[in-house]
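Heads up, the thing below is written out as structure tokens.
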Amino acid sequence: MSAHIGEDAALYALGALEPHEAAAVEAHVEHCSACARLLAQAEDDVTAMVAAGPLVEPPAALAERILATPDASTPATGRQRSRVPRAAWFAALAAAIVVAVLPSAYVYRENLAMHHTMLADADAMARIATSPHRSTAFAGRDAHVMYAPDGSWYVVVIRGAKTPMHVVWPHDGERTMLGTAVPHGDVALLYLPKSHRMDQLALMSDGRVVAQAQLVF
Amino acid sequence: MSALPAWQNPGLARPVRRTPSLMQDSIDDEALAAAFSSKERWAFEAAYARFATLLYSTAYHVLGNAEDAQDCVHDALSRVWRSPDAYDRSRGAIRSFLTVCVRNEAITRLRSKQRRSRLHERVAAEPVEHDEIAVVDVVEHQRLRAAMARLPDEQRRPLELAYFEQKTHVEIAAQLEVPLGTIKSRIALGLRKLAMALGGTR
Ligand SMILES: [Zn+2]
């Protein structure tokens, strides 16, 4: 077994090692969990430096290139969906309460533990359910968005969705990627807590805008 | 002392308004990391959406221009995503893991570019020309400079050379005329102290 990485953790995270030394660090942390933790700490530290420095907005074109990245040739296709992200469920139930568009079977079909997790979010959902909101349809898809008049939250619901769809905010000649609405059953939902008003939203699929909605505040 | 590149000089940076909660959504980093390591496609896209500004900034600071920075972020993320063991949660927070991947990719590119420029018989590697950039948050920018300034010189100098000038520890030791082992300790200590000054482990 190779030597523990010690101070090389910091140098690795900073990119200050010679290539053969960096390779040795990578090989070592594969089988030494103590050093893996040390390296994780150093990586957190360097990330804190980046985050405390000047931040630069990436151009929208980069998001499109990233989204076009294919999966590896041996993807985990045989695997069952390992875990539904909790937030997707939160969004699902929130939307069900707000507009009752979902068949109740959809909400309750999955396992009980997940259901209890959802109930833990009941306070937040109740707030959404009881707060005043507006709704507008997307032109181009069977989809709509519910949103708070102060722009504090948005719920995008897409029906008949077969593949994940990206929700973007077109503004100032750019597009900001807000998140991905992933279909479960054939409904895709995205819950977006925000702190500002977005007067336009668009849905993107395969790098193209497929639907747009104008929001009135 | 050489002049600061534009992005290190707040006087030259055009401040722009930070877009509030730009990339937030309601999936926490833990859930994202779990899904990313089990190769769920949405997690790859969500990771980009969430960390785009951080990752792009990381590459930009090293490479100094938008075109190289975009290529770098794209290639680093694609490689992580397409490799069979893309990311293992024992490697720590996904945010930091990706940031360091992008930074190391950027430094590799920078060094090979400098090697090429040396091959073209320039006397020394040319310093990277930094575009004038729109800094998202000038107050944040000042935090790094202020925290750096509070480090003792013997830790600050080697850390600056590693972080801002992307030098290796061998180059830093030679430049500062300090033994290799000493340089490593000072960089490691300086980094830890700086991160704590910036607000804990995150
Ligand atoms: Zn070890």
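Computed from a predicted model, the values in this text were never measured in an experiment. Residue numbers begin at 1 in each chain, while the letters A, B, ... track the order of the sequences.
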For A:V56 against B:S57, the heavy-atom pair lying closest together:
N-OG, 2.7 Å

Under 4.5 Å between any side-chain heavy atoms of B:V73 and A:R65, yes or no?
no

Within the 4.5 Å heavy-atom criterion, are A:P164 and B:R41 side-chain neighbours or not?
no

Partner of B:H169 under side chain to side chain donor-acceptor pair (under 3.5 Å), picked from A:E18, A:E21, A:E7, is A:E21

Atom of A:D44, atom of B:A93 and distance for their closest heavy-atom approach:
OD1-CB, 3.9 Å

Does B:R103 reach the main-chain N or O of A:L14 with its side chain, forming a donor-acceptor pair under 3.5 Å?
yes

Before giving the answer on side-chain contact (heavy atoms from CB on, under 4.5 Å), spell out for B:L191 and A:M49 the whole-Å C-alpha distance, their side-chain angles and the decisive distance to 0.1 Å.
CA-CA 9 Å; B:L191 175 61; A:M49 286 181 81; 3.7 Å; yes

Does any part of the side chain of A:L67, heavy atoms only, come nearer than 4.5 Å to the side chain of B:Y48, both counted from C-beta?
no

State, yes or no, whether a side-chain contact exists between B:Y163 and A:V50 at a heavy-atom distance under 4.5 Å.
yes

Please flag which part of A:V29 lies under 4.5 Å from any non-hydrogen atom of chain B: side chain, backbone, both or neither.
side chain

Any non-hydrogen side-chain atom of B:S96 less than 4.5 Å from a side-chain atom of A:V46?
no

Nearest heavy atoms of A:A51 and B:R95, plus distance in Å:
CB-NH2, 3.8 Å

What part of A:S33 is in contact with chain B, defined as an atom under 4.5 angstrom from a non-hydrogen atom: side chain, backbone, both or neither?
neither

Ignoring hydrogens and geometry, is there a side-chain-to-backbone donor-acceptor pair from B:R82 to A:P70 under 3.5 Å?
yes

Checking heavy atoms, do the side chain of B:L159, its backbone, both or neither come under 4.5 Å from chain A?
side chain

For A:L11, is it the side chain, the backbone, both or neither that has a heavy atom under 4.5 Å from a heavy atom of chain B?
side chain

Heavy-atom side-chain contact between B:Y56 and A:L55 under 4.5 Å
no

Contacting moiety of B:D71, where chain A heavy atoms sit under 4.5 Å:
both

Check each atom of B:K184 against the heavy atoms of chain A and say whether the ones under 4.5 Å are side chain, backbone, both or neither.
both

Pick whichever of B:D88, B:N104, B:L55 has the most heavy-atom pairs under 4.5 Å with chain A.
B:N104

Find the one option among A:P59, A:G6, A:P19 whose heavy-atom pairs under 4.5 Å with chain B are most numerous.
A:P59

Name the region of B:L194, side chain, backbone, both or neither, that has any atom closer than 4.5 Å to a heavy atom of chain A.
side chain

Pair A:T47, B:F97 - check side-chain contact (heavy atoms from CB on, under 4.5 Å), show working.
CA-CA 9 Å; A:T47 303; B:F97 173 81; over 6 Å; no

Where do B:R143 and A:A52 come nearest, in terms of heavy atoms and distance?
NH1-CB, 3.9 Å

Any heavy-atom pair between the side chains of A:L62 and B:H74 that's under 4.5 Å?
yes

Decide yes or no on side-chain contact (heavy atoms from CB on, under 4.5 Å) for B:L77 and A:I66, but give the supporting numbers first.
CA-CA 8 Å; B:L77 287 191; A:I66 297 285; 3.8 Å; yes

Can you give me the closest heavy-atom contact between A:A10 and B:A188, atom names plus distance?
CB-CA, 3.7 Å

Can we say A:D45 and B:K193 salt-bridge, meaning some charged N sits less than 4.0 Å from an Asp/Glu carboxylate O?
no

For chain B, find which of A:A61, A:A42, A:A13 contributes the most heavy-atom pairs closer than 4.5 angstrom.
A:A13

